[in-house]
J.: 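Encoded as structure tokens, here's the structure I'll be asking about.
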Amino acid sequence: MKKRYFFAALLTLLLLLLVLFVLAAAGLLPFELPFDLPFEISFELPEISIDLPFSLPFLNQEEETVVGETVTIYRVASENASGGGDLICEEACPQPEGDSLIDGVLGLFASESEDSELSCALPDNVTIEGWSLEKSVVTLTFSESFLDLTDMDQTITAFCAALTLCALDEVESVTVIAGEQTVFSGLMPEDALLRDTDTDPYVRQLRLYFADGDGRYLLSEYHSLTLDEDTSPERYVIEELLRGPNNGELQQAIPEGTELISCQTEDGVCTVNLSAAFYENRPDTASGERLAIYSIVNSLTSLSQVDSVVILVEGEALESYVYLSLSGSFTKYDEVIGPVSEAQGEIDADLYLALPGLEDVAALPFRVNLSDYQSQAEAVLQALLAAAEPGYPSLFSGSGTVTDLTVTNGAYTASLSQSFFASLTEEARIAAIRSIASTLCALEEVNSVLFTIGGGEAIFDGTDWSGPWTADDLW
């Protein structure tokens, strides 16, 4: 009985192999015989059409090669294409070939559209210098000429790039860098400015600046507002700043209780008149003062009609707020805008700058670029010597101020040039020494700072400036 089943199974297997052999020889299977037959097998099968609930990959190869995948590129819409006032429109393009999909997509983004009603969002004088991808965030670097664009043109270009890249599965947000400055951070599709406020004037996207959670830098946030004919965009900006951010990770930089009395713009100068609470509840630090002022200034100068801002308190120009004078006008200041981009080699550091009266120094946060060949101390010192903070005296002459910086077991020796030290007044010398020593001692790697003048003893006009200076001596 067992032998009978065995021979039946063997016969069935041989018949199956024979059928497969014949079909393969006839070219009806997706593989070939490993040898040639001395005769040709050819026959035709009747046409059979069967709809399967699944697909077989070797039967669908031709369809896959005919129907190619596409990517979405965002362009600037013409009036004819926009119709209802859309500022940005999408275009489906064949997926580019190559190892890097992001490279290919950026190449399409920088090229002209085949649709005559859509324009390339990258201006002719701006180029893409590079990009990096880290944890689903693309950091996109434009040429420095990007900074010369108007705020609106910067916004359109940045958002078109962000929408294009975020359409890829591996990208969640985009940070835009230009001229070593972080211009936009963490752009996501839901933040995009898609409407033309010239054709739809009652809907405005306003870029406002609020303090980050640590109170160190300003971060931008878009507020979409419906305007009426009787209210200026400038007033809406201040009212929204006083109302506070939508993002729970941001905080209001303007002192609590501040109210807007009036706001008007003439010849590009916006004059903002605030209530007494702006002064009475003012911050007690230089960094807090900086955020309060530039939250207002940077937000207002995002409007095309505003070039500079004058801040009054109860109608008066204050000679002193915390440390700065409010008697003049302020223009947009990018150094106060964050965040710190570690992907671009930036570090967050406190630079101690001499106060306007030279009576002391104060810490201000700065995004410092750290090169591969530099220590943190070298990078921070270089940034301090080049710092040009509005309203603060510039004591240093740049790279010639410190001629050498050496370290021994956490003790740093800074060699000051003889000509630099001789050019300062007594008050300025004290401020310069405190500024350099405080900035270096704020770093974990630095325990103390010593000085030499011209490579020799740090004695000038009978005063020994050598130190060592430690954090306990300075603060």
Side-chain angles (χ1 to χ4, degrees), residues 179-181 286-287 335 340-342 344-390 392-475:
E180 298 184 351
Q181 296 182 26
S287 58
E335 288 292 344
V340 177
S341 175
E342 294 181 1
Q344 293 296 313
E346 292 182 344
I347 59 173
D348 184 14
D350 283 325
L351 303 187
Y352 282 77
L353 304 184
L355 294 176
L358 297 180
E359 70 277 10
D360 203 350
V361 295
L364 290 173
F366 275 81
R367 296 178 287 108
V368 174
N369 291 299
L370 179 63
S371 303
D372 293 337
Y373 58 86
Q374 283 183 313
S375 66
Q376 284 198 7
E378 291 171 328
V380 167
L381 181 57
Q382 179 179 318
L384 174 66
L385 300 181
E389 183 75 10
Y392 285 75
S394 181
L395 297 178
F396 307 113
S397 55
S399 58
T401 301
V402 178
T403 58
D404 191 25
L405 184 67
T406 57
V407 57
T408 304
N409 297 327
Y412 277 70
T413 301
S415 181
L416 306 177
S417 67
Q418 182 79 25
S419 58
F420 158 73
F421 214 65
S423 67
L424 301 177
T425 64
E426 179 74 13
E427 288 181 334
R429 287 175 196 143
I430 296 174
I433 289 290
R434 288 178 60 84
S435 178
I436 295 173
S438 297
T439 297
L440 290 175
C441 285
L443 301 174
E444 291 184 2
E445 64 191 79
V446 181
N447 299 325
S448 61
V449 177
L450 298 96
F451 289 95
T452 65
I453 298 177
E457 292 184 341
I459 298 177
F460 195 90
D461 285 348
T463 301
D464 186 355
W465 302 93
S466 60
W469 302 79
T470 67
D472 294 335
D473 300 325
L474 295 162
W475 305 329

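Because only heavy atoms are used, hydrogens play no part in the values below, and waters and symmetry mates are left out as well, while side chains stay in.
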J.: Distance-only criterion, 3.5 Å: show the donor-acceptor pairs between side-chain atoms of residues 443-459 and protein atoms not counting sequence neighbours.
T.:
unit_1	atom_1	unit_2	atom_2	d
E445	OE2	Y412	OH	2.7
T452	OG1	S415	OG	3.0

J.: Evaluate side-chain contact (heavy atoms from CB on, under 4.5 Å) for L370 paired with E346, printing each intermediate quantity in order.
T.: CA-CA 6 Å; L370 179 63; E346 292 182 344; over 6 Å; no
J.: Checking T408 now: which residues fulfil side chain to side chain contact (heavy atoms under 4.5 Å, CB included) with it, not counting sequence neighbours?
T.: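 Side chain to side chain contact (heavy atoms under 4.5 Å, CB included) list for T408, sorted by chain: empty.
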J.: Tell me the closest heavy-atom pair linking A377 and L440, and the distance in Å.
T.: O-CD2, 3.8 Å
J.: Listed by chain and number, what are the side-chain hydrogen bond (donor to acceptor under 3.5 Å, both in side chains) partners of S423, not counting sequence neighbours?
T.: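 Listed in chain order: nothing, the list is empty.
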J.: Which residue pairs pass the salt bridge (Lys or Arg N to Asp or Glu O under 4.0 Å) test when at least one of the two sits in residues 378-388, sequence neighbours left out?
T.: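 Applying salt bridge (Lys or Arg N to Asp or Glu O under 4.0 Å) to every pair that reaches into residues 378-388, excluding sequence neighbours, yields nothing.
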J.: Got a second to check how far L416's CG is from F421's CZ, nearest 0.5 Å?
T.: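 The distance works out to 6.5 Å.
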J.: To check you understand the geometry: which heavy-atom pair defines the closest contact between V380 and A349, and what is its length?
T.: CG2-CB, 3.8 Å
J.: Can you name the ring pair (Phe, Tyr, Trp, His ring centres under 6.0 Å) partners of Y392, sequence neighbours left out?
T.: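 Checked Y392 against ring pair (Phe, Tyr, Trp, His ring centres under 6.0 Å); zero matches.
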J.: Throw together a table of side-chain donor-acceptor distances under 3.5 angstrom for residues 353-362, partners on residues two or more places apart or in other chains.
T.:
unit_1	atom_1	unit_2	atom_2	d
E359	OE1	G357	N	3.3
D360	OD1	R434	NH2	3.1

J.: Working to the nearest 0.5 angstrom, can you tell me the gap between Q181 CD and N369 CG?
T.: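 Here the rounded value is 10.0 Å.
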J.: I'd like to check the side chain to side chain contact (heavy atoms under 4.5 Å, CB included) partners of A363; sequence neighbours left out, ordered by chain and number.
T.: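 If we apply the side chain to side chain contact (heavy atoms under 4.5 Å, CB included) test to A363, skipping adjacent residues, the hits are D350, Y352.
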J.: If the condition is side chain to side chain contact (heavy atoms under 4.5 Å, CB included), which residues does S419 pass it with, not counting sequence neighbours?
T.: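 With neighbours one apart ignored, the set is S417.
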J.: Tell me, do W465 and I430 make a side-chain contact under 4.5 Å, heavy atoms counted?
T.: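 Heavy-atom side-chain distance check passes, below 4.5 Å.
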J.: Kindly indicate whether the side chain of E389, heavy atoms from C-beta on, has any atom under 4.5 Å from the side chain of L364.
T.: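 The answer is yes; the side chains approach within 4.5 Å.
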J.: Residues in salt bridge (Lys or Arg N to Asp or Glu O under 4.0 Å) with E426, at least two apart?
T.: R429
J.: So do V402 and L381 actually touch side chain to side chain, heavy atoms under 4.5 Å?
T.: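 Contact flag for L381/V402 side chains = yes.
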J.: Could you tell me the separation between the CD atom of E342 and the CZ atom of R367, rounded to the nearest 0.5 Å?
T.: 13.0 Å
J.: Could you pull out all residues at least two apart from Q382 that satisfy side chain to side chain contact (heavy atoms under 4.5 Å, CB included)?
T.: Q374
J.: Name all residues meeting the salt bridge (Lys or Arg N to Asp or Glu O under 4.0 Å) criterion together with D348; count only those two or more places apart in sequence or in a different chain, and write none if there are none.
T.: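 Here the qualifying residues are R216.
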J.: Please examine the side chains of I436 and L384, heavy atoms only from C-beta on, and report whether any two atoms are closer than 4.5 Å.
T.: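 L384 reaches I436 side chain to side chain.
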J.: Only counting residues at least two apart or in another chain, list the ones meeting salt bridge (Lys or Arg N to Asp or Glu O under 4.0 Å) with E335.
T.: none
J.: Donor-acceptor pair, distance only, cut-off 3.5 Å: does the side chain of T439 make one with the backbone of S435?
T.: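 A pair under 3.5 Å: yes.
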